[in-house]
Number of protein chains: 2
Amino acid sequence: MTDNILVVDDEQRIIDLARMYLEQDGFRVTSATNGNAAKNMILRDKPSLVVLDLMLPGMDGLEVCRRVREESDVPIIMLTARSEDIDKIVGLELGADDYLTKPFNPRELLARIRAILRRADRGNAQDQAPPPITIANLLIDPQRRRVEIDGRPVDLRMKEFDLLQALAQNKGVVFSRDKLLNVVWGYDFAGQTRTVDVHVAHLRHKLNGMAPTIETVWGVGYRLDDR
Amino acid sequence: MTDNILVVDDEQRIIDLARMYLEQDGFRVTSATNGNAAKNMILRDKPSLVVLDLMLPGMDGLEVCRRVREESDVPIIMLTARSEDIDKIVGLELGADDYLTKPFNPRELLARIRAILRRADRGNAQDQAPPPITIANLLIDPQRRRVEIDGRPVDLRMKEFDLLQALAQNKGVVFSRDKLLNVVWGYDFAGQTRTVDVHVAHLRHKLNGMAPTIETVWGVGYRLDDR
DNA sequence: TCACAATGTAAAGTTTCTGTAAAGCCCAGC
DNA sequence: GCTGGGCTTTACAGAAACTTTACATTGTGA
């Protein structure tokens, strides 16, 4: 049973961003752009979790949260533009389950959603992390953050692991450097695209016995070989 | 397809500074020194991103931002002289994508511009990759950027692939060389139309077992055979 | 058939992109 | 503070692709 996440924000950009990450992680996503619609959707559709922006046209996030709490204990993650606002929310004790300031890292949003759903409990240990991936003689275990080639462990650093995982989860698909920066580094990373190249070089060096290799698609990006 | 950045500031010094850094990084730069001109240029020229000073003669930055947002979701980076103003901007939630205080570090401006442009479109472009196309014994997979004839992979270079994809997506339709330059090379390509011919020649050579061939429509252009 | 324009194509010239080593930077742990 | 490890930036060389050029070939209309 896939979880349904309701994302409420008046900026379509934020909704699109969240949707991209959440759907890639196997969630269904619905959205609303104002407080009234949000409140109605929460009570009618009973999503598994709500991501709720504080500033909304019409009924604001605080008000939505208060009203919803009268009838439902759906987990709520509040988004705020300024970190100081968090104090306000917390002070009001209106029952949000977690808070994030914009601009937020989508990977962090994902992590908190998973944490809360896990806490809310449905016994599924497996929605914490994707299942292990095996490609030829390569094994990637996201939960343990372990990689093996022919059963021999390979010592990867954080970015190397994330990069490999991203490529392996979409074996054969070409990722542009920009795409990889978005997926692995987060949408607010402000560095150069060449950073990706350096990590790919490290990976290739450490994985030189790997059956599928990381191919360069000239002028486009990288992919984990399919064949 | 280089991005065009509009820099709006009443200080020519700031514009020159930004222009120097941005152009060195491969961006095209246009500029305006007052709010009205800025608003008109944004709506008319549709720049990829706007750097907008808060304090402007005539219509100020906040007002420009608000007006523009009614018709466009172009990414906007606001510049302010004092850090306290940032709270004001953020509090107003008028849809700026990022903020910088003057005096700003030009390299940081560059980094934020790159980050925003990256999340704005490049990243999503991959998600919207069209589905694989099959024409007779030819298979084109845009997501993997792979081409097969009778199941045998064909090694194409970037432009060759893009060209084939463009023709295949409109099988039977005649493309003029100019049209192909627009679609494949981008509207700002400054080269000769004969460039297309050369790539078509390469393609024909690599795809010589392909059932539908690339036909020359004499005096008009090329098309991928329908029958 | 001839003249002329359009197209095919090989090869040279040019540009862009990538691999990689090394330096710089930042932060957690001591 | 210092130190070490990991991450990012930078610089440069080499590789690969792209564009231009020049000449050959083909198609068109008189």
Problem set entry | A/Val198, nearest nucleotide to its side chain (from C/dT20, C/dT9, C/dT18) | C/dT20
For this session: Indicate whether any N or O donor in one side chain lies under 3.5 Å from an N or O acceptor in the other, for B/Thr213 and B/Arg223.
Result: no
Exercise. Looking only at side-chain N and O atoms, does B/Tyr222 come under 4.0 Å of OP1 or OP2 in C/dG8?
Worked result: yes
Problem set entry | Side-chain donor-acceptor contact under 3.5 Å, B/Thr216 with B/Arg204 | yes
For this session: Looking at every strand, decide which applies to A/Thr195 at a 4.0 Å heavy-atom threshold: base, sugar-phosphate, or nothing.
Result: base
For this session: Round to a whole Å and report the spacing from CZ of B/Arg204 to P of C/dA10.
Result: 13 Å
Problem set entry | Expected output: side-chain A/Asn137 to main-chain A/Ala211 donor-acceptor under 3.5 Å | yes
Exercise. When you look at B/Leu156 and B/Leu203, which way does the side chain to side chain contact (heavy atoms under 4.5 Å, CB included) test go after all the steps?
Worked result: CA-CA 8 Å; B/Leu156 296 186; B/Leu203 256 180; 4.0 Å; yes
For this session: Would you kindly say whether B/Arg145 and B/Gln165 are connected by a side-chain donor-acceptor distance under 3.5 Å?
Result: no
Problem set entry | Rounded interatomic separation in angstrom, taking CH2 from B/Trp185 and P from C/dT15 | 18 Å
Problem set entry | Opening and closing nucleotides of DNA chain D in contact with chain A, under 4.0 Å to non-hydrogen atoms | D/dG6 to D/dA17
For this session: Send over the distance from B/Met158 CE to C/dC17 P, rounded to a whole Å.
Result: 7 Å
Problem set entry | Under 4.0 angstrom between B/Thr216 side-chain N/O and C/dG8 OP1 or OP2 | yes
For this session: Output the distance between atom CG (B/Asp162) and atom CG (B/Leu180), rounded to the nearest 0.5 Å.
Result: 11.5 Å
For this session: Could you pick out which residue, A/His202 or A/Arg194, lies toward the 5' side of DNA chain C when each is mapped onto its nearest nucleotide?
Result: A/Arg194
Exercise. Nearest-Å distance, CD (B/Glu215) to P (C/dG8)?
Worked result: 12 Å
Problem set entry | Rounded distance in Å - NZ (A/Lys159) to C1' (C/dC27) | 14 Å
Exercise. So what does A/Val200 hit on the nucleic acid, given a heavy-atom distance under 4.0 Å: a base, only sugar-phosphate, or nothing?
Worked result: nothing
